[in-house]
J.: 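This structure is in structure tokens; I'll ask about it shortly.
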Amino acid sequence: MNDDSALLQLIPTSPLGASPLESVPEGEAAAAAAIAEMISGGVRARTTSGPATRDAHPKAHGCLAATLQVLSDLPTEVAQGLFANPASYPCWVRFSNGSGTPQDDKIGDGRGMAVKVMNVTASRSNTQDFIMINNPVFFVRNASDYVAFQSASNPMRFFLPGWNPFRFRIHEYFAASGITRRVVSNPLNTQYYSMTPYLLGHQACKFSCRPMGDPSPFVDRSSANFLHHNLVASLASRDAAFEFCVQLRKTTGSMPIEDPTIAWSEEASPFIPVAHLLINRQIFDTPERVAFGEALSFTPWHGLDAHRPLGGINRVRRIVYETISALRHDLNHVQRFEPTVNISNTQTTSNPGE
């Protein structure tokens, strides 16, 4: 097995420095390190009763082979980075539940969609990751609040930390409630959002994937794992597709970089399609595909500089995602890798350390 330290080059270990669009508060680095330490402790504790899993989104509904087709004749303002020229890229798409404890799909939860685009040669990792959930906003504003959330004995203690109403996090509570109240019966039938901002060339944007075509008819909710079962049934009988869209930042005050709890107005800046994400019919409910999906690592920091993650939550993710990926692979004695893929037969190969 190769020295895993080589993979650290996938996420540069030296500080990149803040983008001119960002405002980094004092103490953020220490807060991010504290978050990584707390989450690592939780991963280690859970590993005593089984293999190490992701701290968030551990329950997967499926890992799917897909193709991202960049559209032609895009306006210059969105024809940036990965979307600068029409092209087709093989991808892996992982659908999941957000809760750190796998639970019945009937329980309200964030539903995740992580896309790993292959053969992005200008990327340090040779990949471009997009991480989204089925809600346009997050429920934590910044690194210091993330420490408070991780330290709370239960989520309500984060939203209502004491008797002082000036310390209540009512706005954040409604953001979290907006996530858990969304009813999803099939991962192919809902829209997903990046929540946090990213560069699109030299401007800021957010990403979204919204379903194309008729919704899947497989929406039975009778089992505890109906999202997986409905996904299996859908892709056994028909193809699926999403529009991959970008939302440009048109104003500064109402479209903040550092506060992902605030939605950017779609009326002021509609989502613009830049690509199609095509998921062909396939059989993915196999032990080999499940193991492959569990071995993958997703982070917003896998990607092009033209899509650099922005804002405090993304800066925290840079440290936390790298730390937890390395930890769980080490605990499971599995080597980390960034994959290549042959979509025609969905055979996979891995390139450790690339």
Side-chain angles (χ1 to χ4, degrees), residues 1-11 13 30-63 92-105 107 109-114 116 125 127 129 131 133 140 143 146-155 157-158 224-225 227-228 284-302 313 316-339 348 350-353:
M1 185 176 294
N2 293 342
D3 184 355
D4 193 52
S5 64
L7 195 75
L8 292 176
Q9 298 307 310
L10 299 182
I11 306 177
T13 54
I35 296 164
E37 182 64 26
M38 285 187 283
I39 294 177
S40 295
V43 170
R44 290 182 183 277
R46 289 192 296 272
T47 303
T48 60
S49 58
T53 63
R54 293 169 169 85
D55 65 293
H57 293 272
K59 183 178 181 179
H61 311 309
C63 179
W92 289 106
V93 179
R94 182 180 186 267
F95 290 106
S96 62
N97 282 353
S99 173
T101 302
Q103 58 189 2
D104 192 312
D105 290 343
I107 300 174
D109 198 355
R111 317 299 177 175
M113 179 189 201
K116 184 177 290 291
S125 60
T127 55
D129 289 1
I131 298 174
I133 74 164
V140 177
Y146 215 128
V147 171
F149 175 72
Q150 288 293 330
S151 303
S153 55
N154 64 69
R157 297 296 292 176
F158 170 70
N225 301 310
L227 291 173
H228 170 74
F284 62 90
D285 190 21
T286 66
E288 293 80 12
R289 182 68 68 82
V290 170
F292 174 77
E294 288 307 297
L296 288 178
S297 296
F298 293 91
T299 169
W301 292 90
H302 280 164
I313 294 301
V316 168
R317 283 170 158 177
R318 183 182 176 200
I319 297 171
V320 171
Y321 282 31
E322 170 67 13
T323 299
I324 301 307
S325 173
L327 174 62
R328 69 182 179 87
H329 283 80
D330 181 61
L331 292 173
N332 292 332
H333 307 290
V334 175
Q335 184 168 351
R336 295 195 294 168
F337 65 92
E338 283 297 272
T348 62
S350 62
N351 292 327

J.: Using the side-chain contact (heavy atoms from CB on, under 4.5 Å) criterion, which residues pair with Gln103? Sequence neighbours excluded.
T.: Ser99, Ile107, Asp109
J.: What residues form a side-chain contact (heavy atoms from CB on, under 4.5 Å) with Pro102, not counting sequence neighbours?
T.: Pro58, Lys59
J.: Take Arg46 and Thr101 through the side chain to side chain contact (heavy atoms under 4.5 Å, CB included) test and state the conclusion after the steps.
T.: CA-CA 10 Å; Arg46 289 192 296 272; Thr101 302; 5.6 Å; no
J.: Donor-acceptor pair, distance only, cut-off 3.5 Å: does the side chain of Thr323 make one with the backbone of Ile319?
T.: yes
J.: Phe298 and Arg54: side chain to side chain contact (heavy atoms under 4.5 Å, CB included), yes or no, with the steps?
T.: CA-CA 10 Å; Phe298 293 91; Arg54 293 169 169 85; 4.1 Å; yes
J.: Nearest heavy-atom pair of Val147 and Ala31: which atoms, and what distance?
T.: CG2-O, 3.6 Å
J.: Could you give the distance from CG (Leu327) to CZ (Arg44), rounded to the nearest 0.5 Å?
T.: 4.5 Å
J.: By side-chain contact (heavy atoms from CB on, under 4.5 Å), which residues pair with Ser96, not counting sequence neighbours?
T.: His57, Arg94
J.: Can you list everything that forms a side-chain contact (heavy atoms from CB on, under 4.5 Å) with Ala152? Sequence neighbours excluded, please.
T.: Arg157, Phe158
J.: Using the test salt bridge (Lys or Arg N to Asp or Glu O under 4.0 Å), find all partners of Arg317 that sit at least two apart in sequence or belong to another chain.
T.: none
J.: Please find the pair of heavy atoms, one from Ile131 and one from Pro300, that lie closest to each other, and give the distance.
T.: CD1-CD, 3.4 Å
J.: Rounded to the nearest 0.5 Å, how far does CE of Met113 lie from CD1 of Ile133?
T.: 13.5 Å
J.: For a 4.5 angstrom cut-off between non-hydrogen side-chain atoms, does Val334 reach Arg328?
T.: no
J.: Out of curiosity, Asp330 CG to Ser325 OG, how far, rounded to the nearest 0.5 Å?
T.: 11.0 Å
J.: Taking Glu322 first and then Arg336, would you say they form a salt bridge - that is, a charged N and a carboxylate O separated by under 4.0 Å?
T.: yes
J.: Work out which heavy atom in Leu227 is nearest to a heavy atom in Asp105; give both atom names and the distance.
T.: N-OD2, 3.0 Å
J.: Would the distance check show the side chain of Asn332 and the main-chain N or O of Ala52 forming a donor-acceptor pair, the cut-off being under 3.5 Å?
T.: yes
J.: I need the minimum non-hydrogen distance between Ser297 and Glu338, along with the two atoms involved.
T.: O-OE2, 3.8 Å
J.: Of all the heavy-atom pairs spanning Phe337 and Leu296, show the shortest one and how long it is.
T.: CE1-CD2, 3.9 Å
J.: Any chance you could measure His302, atom NE2, to Tyr321, atom OH, to the nearest 0.5 Å?
T.: 12.0 Å
J.: With sequence neighbours excluded, what pairs up with Phe95 under the ring-ring contact (aromatic ring centres under 6.0 Å, His included) test?
T.: Tyr192
J.: CZ/Phe292 to OG1/Thr286 distance, rounded to the nearest 0.5 angstrom?
T.: 11.0 Å
J.: Hey, could you give me the CZ/CH2 distance between Phe284 and Trp92, rounded to the nearest 0.5 Å?
T.: 11.5 Å
J.: Check Ile324 against Ala36 and note the closest heavy-atom contact, atom names and distance.
T.: CD1-O, 4.4 Å
J.: Examine distances only and state if a side-chain atom of His329 and a backbone atom of Ala295 form a donor-acceptor pair shorter than 3.5 Å.
T.: yes
